Amino acid sequence: MDKLLISGGIRLDGEVRISGAKNAALPLLAATLLGETPVTLTNVPQLKDITTMIQILGNMGVSVVIDEKCQVEVNANTLTTAVAPYELVRTMRASIFVLGPLLARFGEATVSLPGGCAIGSRPVDQHLKALAALGADIQVENGYVHARTKGRLKGARFVFDMVTVGGTENLLMAATLAEGTTVIENAAREPEIINLAGLLSAMGAQISGAGTDTITVQGVKALQGCTYRVIADRIETGSYLAAAAVTGGRVKTLDTDPFLLDAVLLKFRDVGALVTTGPDWIELDMQGRRPLAVNFRTAPHPGFPTDMQAQFMAVSAVSEGTSTIIETIFENRYMHVPELNRLGAKIAVDGHTAIVSGVSELQAAPVMATDLRASMSLVIAALAAKGDTLVDRIYHIDRGYERVEEKLQSLGANIRRVTGREESQ
Ligand code: UD1
């Protein structure tokens, strides 16, 4: 199993290109199922989760062509079976995104129920209730969701019990081909929803209100292919800015969008970083200073994203003063805390609250990644820690960070991948 070996204590300095957003590319790939002609997506990141989604499409007989410029062309007309099997779904919860489009376009879908995951139980009840509200017949049997509709889905008003990004995306995709009007209330407002609505509109869907908590969709009979770009990864962007902050360094993130992460940039300014932005770049300069403690609570967009909580906690770990962090989205998203404490951090957790007493220096230790964002928080902390840190189970990081060690090396970090083969020698 691969590991990352990091010799910390180097101030990062340089520029890094941000990849397309995994969390935008996944629903966009699922949405290609709705097109009567091929859809081409550009700026698709090369990541394990993207490969999994492409395998799910390929397994259904859908033709997928990937070129060397990360463009992915999908032709859903070759679909032979509307089934997403457990073997693939269990490795990635976002597989559930195919449910809505399959049902809307082909009238049926059989998708394995995703299991729980390290950060929480993460049920899909809202996805199923939303599709049932459009008239789908939904049965859950032997770990599979079987969804069917006689004729087209029927537009309806649906109010989500909680703000759910994936639930909003599944319903939005299904509603595009429903008969009549669908009104989605308590909709998620994440930039990835706007990106998805943008693709669907370019395919011919009639959507208004994406990016607000009420989205209205006038169903149409068919959607066509187009070429569409995946937005920049705001979480990858924030993670590299956190790496600059923790090392007292300067990092300029390129091909990104400052409007995607307002709440995070505000917190970086509060820790004392000099943050400057242009139309497609963000630079954070810590000017050699130690960050100051700040408090934050995660919330649906435009609040502070839960996907940045772990990485920002690594910054808090070395900050001057005590930070209070409250996680409100997932019930078990502090798995990185014991690992950060192994690196010398002083973090106590009580329920949803983490109290971080900043220390002036972290020390290297072997640590283990537990989930995607947690693994990046360990890498960020290791960049500031004195000595050599070995981060184990980095397959988590490969799910969501494209060429992470190359990008950090280009910023001056001393980091390398230790392969399983090298270790056994
Ligand atoms: C997406 C992101 C993930 C991010 C999360 C919150 C993708 C591929 N993943 O996940 O990186 O951390 O948004 O910003 O885009 N819930 C239910 N029932 C449901 C659906 C959700 O109870 O049917 C709960 C979840 O357990 C969680 C909360 O709602 O507590 C929010 O989850 P949701 O927004 O749906 O997250 P995902 O779409 O799975």
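Predicted model only: the values in this text are computed from it and were never measured.
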Original post:
Is there a salt bridge (charged side-chain N to carboxylate O under 4.0 Å, His left out) between Asp307 and Arg333 once you walk through the steps?
Top reply: CA-CA 10 Å; Asp307 283 353; Arg333 207 166 196 183; 2.9 Å; yes

Original post:
With sequence neighbours left out, which residue pairs that include part of residues 227-279 fulfil the ring-ring contact (aromatic ring centres under 6.0 Å, His included) condition?
Top reply: Phe268-Phe312

Subject >> Qualifying residues under side-chain contact (heavy atoms from CB on, under 4.5 Å), relative to Thr328, sequence neighbours excluded >> reply: Arg297, Thr298, Ile326

Subject >> Those residues that, when tested against Arg403, pass side-chain contact (heavy atoms from CB on, under 4.5 Å) (two or more places apart) >> reply: Glu406, Lys407

Using the test salt bridge (Lys or Arg N to Asp or Glu O under 4.0 Å), find all partners of [X] that sit at least two apart in sequence or belong to another chain.
X      : value
Arg373 : none
Glu320 : none
Arg416 : Glu422

Show which side-chain atoms of residues 158-171 pair as donor or acceptor with protein atoms under 3.5 Å away, not counting sequence neighbours.
{"from": "Asp161", "atom 1": "OD2", "to": "Gln126", "atom 2": "NE2", "distance (Å)": "3.0"}
{"from": "Asp161", "atom 1": "OD2", "to": "Lys129", "atom 2": "NZ", "distance (Å)": "3.0"}
{"from": "Thr164", "atom 1": "OG1", "to": "Gly167", "atom 2": "N", "distance (Å)": "2.8"}
{"from": "Thr168", "atom 1": "OG1", "to": "Thr164", "atom 2": "O", "distance (Å)": "2.6"}
{"from": "Thr168", "atom 1": "OG1", "to": "Ala188", "atom 2": "N", "distance (Å)": "3.1"}
{"from": "Asn170", "atom 1": "OD1", "to": "Gly100", "atom 2": "N", "distance (Å)": "2.8"}
{"from": "Asn170", "atom 1": "ND2", "to": "Ile96", "atom 2": "O", "distance (Å)": "3.0"}
{"from": "Asn170", "atom 1": "ND2", "to": "His127", "atom 2": "ND1", "distance (Å)": "3.0"}

Provide the full list of salt bridge (Lys or Arg N to Asp or Glu O under 4.0 Å) pairs with a residue in [range], sequence neighbours left out, each pair given once.
range            : result
residues 30-45   : Glu36-Arg105
residues 245-265 : Asp13-Arg250, Arg17-Asp255, Arg250-Glu283
residues 37-63   : Lys22-Asp49, Asp49-Arg399

Sequence neighbours left out, cut at 3.5 Å: what donor-acceptor pairs do the side chains of residues 342-358 make with other protein atoms?
{"from": "Arg342", "atom 1": "NE", "to": "Pro366", "atom 2": "O", "distance (Å)": "3.0"}
{"from": "Arg342", "atom 1": "NH2", "to": "Pro366", "atom 2": "O", "distance (Å)": "2.7"}
{"from": "His352", "atom 1": "ND1", "to": "Glu327", "atom 2": "O", "distance (Å)": "3.2"}

Have [X] and [Y] got a donor and an acceptor in their side chains that come within less than 3.5 Å?
X      : Y      : answer
Asp388 : Ser7   : yes
Gln218 : Thr181 : yes
Thr237 : Thr256 : yes

Table please: side-chain donor-acceptor pairs of residues 57-71 below 3.5 Å, with sequence neighbours left out.
{"from": "Asp67", "atom 1": "OD1", "to": "Lys69", "atom 2": "N", "distance (Å)": "2.8"}
{"from": "Asp67", "atom 1": "OD1", "to": "Cys70", "atom 2": "N", "distance (Å)": "3.4"}
{"from": "Asp67", "atom 1": "OD1", "to": "Gln71", "atom 2": "N", "distance (Å)": "3.0"}

